[in-house]
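Per chain, numbering begins at 1; letters A, B, ... match sequence-line order.
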Amino acid sequence: MKVRTRFAPSPTGYMHIGNLRTALYEYLIAKANDGDFLLRIEDTDQKRYVEGATDIIYSTLKTVGMDWDEGPDIGGNYGPYIQSERKNIYGEYAHKLVELGGAHYCFCSKDEADEEKNEELNIKFKDPCKLIPLEEAKKRIAAGEPYVIRQTINKKGKSKYHDEVYGDIEIDYDELDEGVLLKSDGLPTYNFANVVDDHLMKITHVVRGNEYISSTPKYNLIYEDFGWEHPLYVHVPPVMKDAQHKLSKRNGDASFQDLVTKGYLPEAIINYIALLGWNPGTEQEIFSLDDLKKIFTVERLNRSPAIFDITKLTWMNGCYIRALSEEKFHELAKPYYNDMPSNIDLKILSKTLQPRVETLGDIPNQTDFLKSVPEYDLELYSNKKMKTDAEVAKANLPSILETLSAQSEWTNEHLFEILKGLAEKMGVKNGQILYPLRIALSGKETTPGGATEIAVIIGKDETLKRIKSAIQKLD
RNA sequence: GGUCCCAUCGUCUAAUGGUUAGGACAUCACCCUUUCACGGUGGUAAUAUGGGUUCGAAUCCCGUUGGGAUCACCA
């Protein structure tokens, strides 16, 4: 049987990392087995619907390269793929389930149901409507009385099922709630829609958060009542913000889009989250999506929650940035070169920046001094190792200015040789020339590149200008 | 509270009864070096806890502790 998985988000806002990871695992299970990955939009709760949310889902999946084989936009043999468009299907199956004895009509209001149960005393809602004869219930419905369809659970004893990650799960039928399957607005709840759709769409592996572990027996009951075979279950642990809290939209935790905006590469994000809860069993850590497709197995999925560690993602992102071609990096870096002086050769700048940034978002901070030298303290000229300070700078900068003025070949290699020669001639250490020069040109303690590299980037005119003003400042 | 799930360095994880408990990030030191990075070398750092089973336990069993999930006309 062909493996088929589905990503079934509800369009309630942006894509958070946990969500994306679930989608990734679903995608990988399908693709590792030469199967189909489908996209289904679960929008049965109109109250929570957020405009534009489906577009974010589409664009995110496309950006990371997780192409779906069937979905709302491209169709397929099992559509429609938007649940609100499947209303009639659910209605039909829900009434059928009532006939089969797996559900019943309920006329209680939500408040009545809430009143009857008591969480502290652990009293569950016992639906009095269960006792209404089916014929009478149908008459009331025909008379226009509002109703919902609730699951009927009469079984006793232990419900058992196997989860591909957590192993055998056993839950007492008494623990199960007779939840609403079809709401009074005629739309199904997740509890019902996921079963009907997963069956109709021939889903073989249901991958979802482990918060569904304890409600899965309810779904299995529905599968049984219909005489359907249930899918394989792959429950995955949550992605956490810290030891206590899940990563969540509500707390404004980083979404995929936020990370991209901060200068993280989609490939790095995918690589990192794949490893949050899964490992290949080898010591390799860098994987493209195509690599993952080849080696992913559910057996190596983890059971315990994983904390999202931005520091490690940042490191990994740095690896991806360094692996980029010069051209590609330059292209990605360009948007971050806002109001850069026009005389600057951005290609050379990109080349020096590439090994020095871990995210593209680092670029503005690293390059701000190119526009103008920031205010700095003369203490900056002090460096023990280089045996230099403001006095040394004051003494050497004029000769540096004179030497550089005379140069026409404005390349890193040439300037470096010339300045080394100058140091030798003056009988001082290289650092006593280069360090003060770098400070004079940048006004910063750390810079992307050494003195001559910066000189080349800002150009000869600007270099001489900055040395002059540094000399003034030292006086 | 009932039920279910989880528990190895700070973090992500490897080790499916026999390892000096391995790797990666972070951190520290050193090397490289015109700063900073990159790169290289090395260090610090973990089996929550108490019992059992076994010649032998991170690994199997039970208890304890800690954490999480669930108990919606949300998914």
Side-chain angles (χ1 to χ4, degrees), chain A residues 8-10 12 42-45 47-48 106 108-110 113-114 117 119-122 124-125 146 148-150 163 166-167 169-172 174-177 179-185 187-191 193-194 208-217 235 237-238 240 242-246 272 275-285 300 302-316 318 322 352-358 366 383 385-386 412 415-416 419-420 423 429-435 437-439 442 444-454:
Chain A
S10 30
T12 56
E42 307 219 332
D43 61 344
T44 55
D45 186 5
K47 293 188 293 290
R48 300 209 309 163
C106 170
C108 303
S109 72
K110 188 183 184 310
D114 282 346
K117 66 181 176 186
E119 277 179 35
E120 278 177 29
L121 296 174
N122 201 26
K124 292 205 308 180
F125 172 59
V148 299
I149 293 181
R150 274 184 189 278
D163 182 89
Y166 287 92
I169 305 285
E170 245 186 49
I171 290 167
D172 202 296
D174 285 340
E175 292 294 323
L176 270 28
D177 234 36
V180 171
L181 265 23
L182 201 73
K183 301 183 277 186
S184 50
D185 64 4
L187 283 166
T189 59
Y190 170 84
N191 298 324
N194 91 86
R208 50 159 70 130
N210 72 1
E211 67 267 26
Y212 291 100
I213 285 181
S214 40
S215 44
T216 296
H235 287 103
M240 311 290 283
D242 55 46
Q244 275 78 29
H245 308 279
K246 268 198 204 186
Y272 176 71
L275 263 25
L276 263 188
W278 177 87
N279 77 82
T282 66
E283 285 179 359
Q284 187 180 345
E285 288 201 290
R300 299 205 68 92
N302 250 333
R303 281 182 301 279
S304 38
I307 299 174
F308 181 81
D309 181 13
I310 190 88
T311 311
K312 182 145 188 181
L313 168 60
T314 304
W315 163 78
M316 193 172 274
R322 274 172 262 130
T352 53
L353 240 26
Q354 188 172 359
R356 287 166 229 269
V357 297
E358 291 192 294
Q366 293 232 31
N383 183 295
K385 205 171 147 193
M386 297 297 145
N412 184 41
L415 296 182
F416 191 44
L419 291 176
K420 274 209 309 204
K429 297 177 78 80
N430 290 345
Q432 291 175 312
I433 296 292
L434 294 161
Y435 198 95
L437 175 57
R438 193 179 61 84
I439 301 300
S442 68
K444 292 184 77 165
E445 187 175 7
T446 67
T447 52
T452 57
E453 282 168 305
I454 295 169

Distance between [atom1] atoms of [N] and [M] (Å, rounded):
{"N": "B:rU11", "M": "B:rA45", "atom1": "C1'", "result": "12 Å"}
{"N": "B:rA29", "M": "B:rU34", "atom1": "C1'", "result": "23 Å"}
{"N": "B:rC9", "M": "B:rA15", "atom1": "P", "result": "16 Å"}
{"N": "B:rG56", "M": "B:rG18", "atom1": "P", "result": "14 Å"}
{"N": "B:rU53", "M": "B:rA58", "atom1": "P", "result": "16 Å"}
{"N": "B:rG67", "M": "B:rU49", "atom1": "C1'", "result": "15 Å"}
{"N": "B:rC62", "M": "B:rU54", "atom1": "C1'", "result": "16 Å"}
{"N": "B:rA46", "M": "B:rU41", "atom1": "P", "result": "23 Å"}

Rounded to whole angstroms, how far apart are [atom1] on [X] and [atom2] on [N]?
{"X": "A:Asp177", "N": "B:rC4", "atom1": "CG", "atom2": "C1'", "result": "15 Å"}
{"X": "A:Asn210", "N": "B:rG67", "atom1": "CG", "atom2": "C1'", "result": "13 Å"}
{"X": "A:Asp45", "N": "B:rC74", "atom1": "CG", "atom2": "P", "result": "5 Å"}
{"X": "A:Ile171", "N": "B:rU3", "atom1": "CD1", "atom2": "P", "result": "12 Å"}
{"X": "A:His235", "N": "B:rC5", "atom1": "NE2", "atom2": "P", "result": "13 Å"}
{"X": "A:Met316", "N": "B:rA26", "atom1": "CE", "atom2": "C1'", "result": "14 Å"}
{"X": "A:Leu181", "N": "B:rA75", "atom1": "CG", "atom2": "C1'", "result": "14 Å"}
{"X": "A:Tyr166", "N": "B:rU70", "atom1": "OH", "atom2": "P", "result": "13 Å"}

* To do: Look at all strands and tell whether A:Thr311 reaches a base, only sugar-phosphate, or nothing, counting heavy atoms closer than 4.0 Å.
  =>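 Answer is sugar-phosphate: A:Thr311 comes under 4.0 Å of backbone atoms only.
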
Does [X] reach the main-chain N or O of [Y] with its side chain, forming a donor-acceptor pair under 3.5 Å?
{"X": "A:Thr189", "Y": "A:Val180", "answer": "yes"}
{"X": "A:Ser10", "Y": "A:Thr12", "answer": "no"}
{"X": "A:Asp177", "Y": "A:Gly179", "answer": "no"}
{"X": "A:Arg300", "Y": "A:Asn279", "answer": "yes"}
{"X": "A:Asp45", "Y": "A:Lys47", "answer": "yes"}
{"X": "A:Tyr272", "Y": "A:Asp309", "answer": "yes"}

* Structure fact -> Going 5' to 3' through nucleotides 33-42 of chain B and flagging B where a protein heavy-atom sits under 4.0 Å of the base, S where only the sugar-phosphate is that close, and - otherwise, we get BBBBBSS---

Between the protein and nucleotides 7-12 of chain B, list the N/O to N/O atom pairs that are separated by less than 3.5 angstrom.
from, atom 1, to, atom 2, distance (Å)
B:rC12, OP1, A:Ile307, N, 3.1
B:rC12, O2', A:Leu275, O, 3.1

* To do: Would you indicate which nucleotide in B:rA75, B:rA14, B:rC5 comes nearest to any side-chain atom of A:Arg300?
  =>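 When the side chain of A:Arg300 is considered, B:rA14 is the closest of B:rA75, B:rA14, B:rC5.
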
* Could you say whether A:Glu211 or A:Asn191 is positioned toward the 5' end of RNA chain B, judged by the nucleotide with the nearest heavy atom to each? =>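 With A:Glu211 and A:Asn191 compared, the 5'-side residue is A:Glu211.
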
* Asked: How do A:Leu313 and A:Pro9 order along RNA chain B: which one's closest nucleotide is nearer the 5' end?
  ->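 Looking at the nearest nucleotide for each, A:Leu313 comes out on the 5' side.
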
Between [X] and [N], is there a side-chain N or O to OP1/OP2 distance below 4.0 Å?
{"X": "A:Lys47", "N": "B:rC74", "answer": "yes"}
{"X": "A:Asn279", "N": "B:rA14", "answer": "yes"}
{"X": "A:Thr44", "N": "B:rA75", "answer": "yes"}

* Heavy-atom side-chain proximity of A:Pro188 to A:Leu181 below 4.5 angstrom ->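 Contact flag for A:Pro188/A:Leu181 side chains = no.
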
* Side-chain touch A:Lys312/A:Glu285, heavy atoms, less than 4.5 angstrom ->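 SC-SC contact between A:Lys312 and A:Glu285 confirmed.
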
* Asked: Looking at B:rC73, does its base get a donor-acceptor pair with the side chain of A:Thr189 below 3.5 Å?
  ->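 There is none.
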
* **A:Tyr212 (side chain) and B:rA69 (base): donor-acceptor pair under 3.5 Å** =>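 Flag unset: no donor-acceptor pair detected.
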
* Asked: If we ignore angles and hydrogens, is there a donor and acceptor under 3.5 Å between the side chains of A:Thr446 and A:Arg356?
  ->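 No - no donor-acceptor pair under 3.5 Å links their side chains.
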
Can you tell me the pairing partner of [N] across any strand shown, Watson-Crick or G-U wobble, with both distances under 3.5 angstrom?
{"N": "B:rU33", "result": "none"}
{"N": "B:rA7", "result": "B:rU65"}
{"N": "B:rU70", "result": "B:rG2"}
{"N": "B:rU27", "result": "B:rG43"}
{"N": "B:rG56", "result": "none"}
{"N": "B:rU20", "result": "none"}

* To do: Evaluate whether atom NZ of A:Lys429 has more than 12 neighbouring non-hydrogen atoms of other residues, nucleotides or ligands under 6.0 angstrom away.
  =>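 Counting neighbours around NZ of A:Lys429, 12 or fewer heavy atoms of other residues, nucleotides or ligands fall under 6.0 Å, so no.
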
* Test side-chain contact (heavy atoms from CB on, under 4.5 Å) applied to A:His235 and A:Arg208, step by step -> CA-CA 5 Å; A:His235 287 103; A:Arg208 50 159 70 130; 3.2 Å; yes

* Of the non-hydrogen atoms in A:Ile454 and A:Ser442, which two are nearest, and what is the gap between them? ->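 What the structure gives for the nearest pair is CD1-CB, 4.4 Å.
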
